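Each remark here refers to the structure printed beneath this line.
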Protein chains: 2
Amino acid sequence: MELTHRERDCLVFIGNDIKGGFPDRLIDLSKKLKVKPPTTIQLLDKLESKGLISRKGGMVILTDNGKKIYHDVTESHRIIEVMLYSYGIPKGECCEVASEIDYVFKHDLIERLSSNLGNPKLCPHGNPVNEEL
Amino acid sequence: MELTHRERDCLVFIGNDIKGGFPDRLIDLSKKLKVKPPTTIQLLDKLESKGLISRKGGMVILTDNGKKIYHDVTESHRIIEVMLYSYGIPKGECCEVASEIDYVFKHDLIERLSSNLGNPKLCPHGNPVNEEL
DNA sequence: AAATATATTAGTGTAATACTAACTCAAGGT
DNA sequence: ACCTTGAGTTAGTATTACACTAATATATTT
């Protein structure tokens with residue numbers, strides 16, 4: 001599944017917030033993405049057409065497929081963080097950089113990286129590499 | 001200096017070819033970029049407006065500024081290759097992935113990475129990290 | 001000079017990203 | 001009952017990156 005950068009951001013916010021127990025609302029997502037609601041709707045339309053989310057009354061949840069992609073992007077993000085951190089980049093910067101590039105990496109490459117990094121369970125911030133939703 | 005992905009590709013091809021002794025022609029660049037000449041011209045117009053190249057009779061050379069950016073992108077590319085290679089990714093894939101992301105990294109982060117990688121002089125292919133034009 | 005190759009210009013099209021303006025609809029307050 | 005507010009949505013516009021075709025200009029080569 002190919003994602004654009006902003007689709008990636010949007011999907012990640014949705015996944016992160018679902019961990020809090022409640023689905024995100026359009027308004028919340030818009031604030032997090034720092035865009036106006038119509039822009040968010042465009043993104044959600046795109047994610048919906050890709051079968052990654054479903055919507056009801058302004059609430060957004062991930063489909064099974066969306067959860068899988070969220071998992072993959074998150075794993076990618078955190079493995080990249082671990083790699084950068086291993087070469088002395090501060091946590092904050094690891095995260096910033098990882099957010100720019102995580103959605104580009106093919107999953108099988110991330111798996112090989114992970115294995116050669118010793119299959120880390122946590123990212124430098126202490127978040128699980130394998131996020132279960 | 002911010003580059004788009006394709007501007008990056010174009011600049012790198014120009015820099016690589018200048019090492020061969022002759023500046024690139026539009027046609028050569030178009031073939032390498034796998035686009036039609038008008039698309040290349042657009043890219044060259046953009047690079048020229050950013051002060052990175054100058055043109056004459058269809059030939060393209062890098063300005064001093066262009067050489068600097070070429071150097072930085074190349075260094076970035078090769079440091080990323082070294083990092084990925086250190087975690088067991090095959091050379092070819094290191095290069096592929098690095099090409100997708102090298103132009104995004106800030107130079108000072110690359111310098112810190114380089115230092116923590118032991119200031120490598122060569123990339124996994126044996127090309128110099130610090131390319132003098 | 002004619003043919004060929006190369007360079008360029010003008011115009012078009014798509015995708016990603018973002019916006020404003022206007023409309024709908026539901027919930028609350030008075 | 002009416003009005004306001006907040007949220008969601010639709011429609012339309014704009015910009016940037018990227019790519020194309022068609023047509024024109026220029027240069028080289030035979």
Side-chain angles (χ1 to χ4, degrees), chain A residues 1-14 17-18 20 22-62 66 69 73 96 99-105, chain B residues 1-14 17-18 20-63 66 69 73 96 99-105:
Chain A
M1 174 69 57
E2 301 272 311
L3 294 178
T4 68
H5 197 163
R6 294 301 262 164
E7 283 167 11
R8 173 263 178 220
D9 290 343
C10 195
L11 191 82
V12 167
F13 282 134
I14 296 167
D17 288 328
I18 279 173
F22 288 103
D24 244 333
R25 311 294 305 274
L26 181 67
I27 269 281
D28 308 318
L29 277 173
S30 302
K31 277 172 189 151
K32 283 174 187 152
L33 289 163
K34 298 197 207 312
V35 294
K36 305 288 180 212
T39 303
T40 309
I41 291 205
Q42 276 183 340
L43 280 173
L44 293 178
D45 286 346
K46 214 72 204 309
L47 289 173
E48 197 167 28
S49 79
K50 291 182 176 184
L52 303 179
I53 61 168
S54 68
R55 288 193 274 176
K56 189 172 186 182
M59 292 174 294
V60 189
I61 56 172
L62 298 181
I69 304 299
V73 171
E96 264 179 54
S99 301
E100 296 295 317
I101 61 178
D102 53 19
Y103 68 105
V104 169
F105 281 63
Chain B
M1 172 68 58
E2 301 273 309
L3 294 177
T4 67
H5 197 163
R6 293 303 261 165
E7 284 167 10
R8 175 263 179 220
D9 289 342
C10 195
L11 191 81
V12 167
F13 281 134
I14 296 167
D17 288 328
I18 279 173
F22 288 104
D24 243 332
R25 311 292 305 277
L26 181 67
I27 267 283
D28 307 318
L29 278 173
S30 303
K31 277 172 191 152
K32 282 172 188 152
L33 289 164
K34 297 197 207 311
V35 296
K36 304 291 180 210
T39 303
T40 310
I41 292 206
Q42 276 183 342
L43 280 173
L44 293 177
D45 287 346
K46 216 71 204 309
L47 289 173
E48 195 167 27
S49 79
K50 291 182 175 184
L52 303 180
I53 61 168
S54 68
R55 289 192 274 174
K56 189 173 185 181
M59 292 173 294
V60 190
I61 56 174
L62 298 181
T63 61
I69 304 299
V73 172
E96 265 179 55
S99 301
E100 296 295 317
I101 62 178
D102 53 19
Y103 69 105
V104 169
F105 280 64

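Please read these numbers as outputs of a predicted model, since none were measured by experiment.
When each of dG8(D), dA22(D), dG11(C) is scored by its nearest atom to the side-chain atoms of I27(A), the top-ranked nucleotide is dG8(D). The nucleotide whose nearest atom lies closest to any side-chain atom of P38(B) is, among dG8(D), dA22(D), dC19(C), dA22(D). Closest to the R55(A) side chain, of the nucleotides dA18(C), dG11(C), dT9(D), is dT9(D). With distances taken from any side-chain atom of K46(B) to the nucleotides dT17(C), dA17(D), dG8(D), the minimum falls on dA17(D). Out of dT10(D), dA16(C), dA17(D), the shortest distance to the side chain of I41(A) is found at dT10(D). If you check dT17(C), dT9(D), dA7(C) against the side chain of L26(B), the one that comes closest is dA7(C). Side-chain atoms of P37(A) lie closest to dT9(D) of the nucleotides dT17(C), dT9(D), dA7(C).
Using a 4.0 Å cut-off, some side-chain N or O of R25(A) falls inside it from OP1 or OP2 of dG8(D). A sub-4.0 Å separation between OP1 or OP2 of dT16(D) and a side-chain N or O of T4(B) is absent. OP1 or OP2 of dC20(D) has at least one side-chain nitrogen or oxygen of T39(B) nearer than 4.0 Å.
At least one side-chain heavy atom of L62(B) sits less than 4.5 Å from a side-chain heavy atom of L11(B). Taking 4.5 Å as the limit, every side-chain heavy atom of T39(B) sits out of range of all side-chain heavy atoms of S30(B).
Look at NZ on K50(B): it is 11 Å from C1' on dT16(D), rounded to the nearest Å. Nucleotide dT10(D) holds its P atom 7 Å from the CG atom of D45(A), rounded to whole Å. Distance Q42(A) CD to dT13(D) P: 14 Å, rounded to the nearest Å. When the P atom of dT8(C) is taken as reference, atom CG of L29(B) falls 11 Å away, rounded to whole Å. Between the NZ atom of K56(B) and the C1' atom of dA27(D) there is a distance of 15 Å, given to the nearest Å. Atom NE2 in H5(B) sits roughly 21 Å away from atom P in dT16(D) (whole-Å rounding). In this structure, L11(B) atom CG and dA17(D) atom P are separated by 15 Å, rounded to whole Å. One can place CZ of R8(B) at 16 Å from C1' of dA17(D), the figure rounded to the nearest angstrom.
No donor-acceptor pair closer than 3.5 Å links the side chain of K50(B) to the backbone N or O of G66(B). Side chain of T63(B) to backbone of G51(B): a donor-acceptor contact under 3.5 angstrom is found.
Note on R6(A) versus D9(A): salt bridge recorded, some NZ/NE/NH1/NH2 to OD/OE distance being below 4.0 Å.
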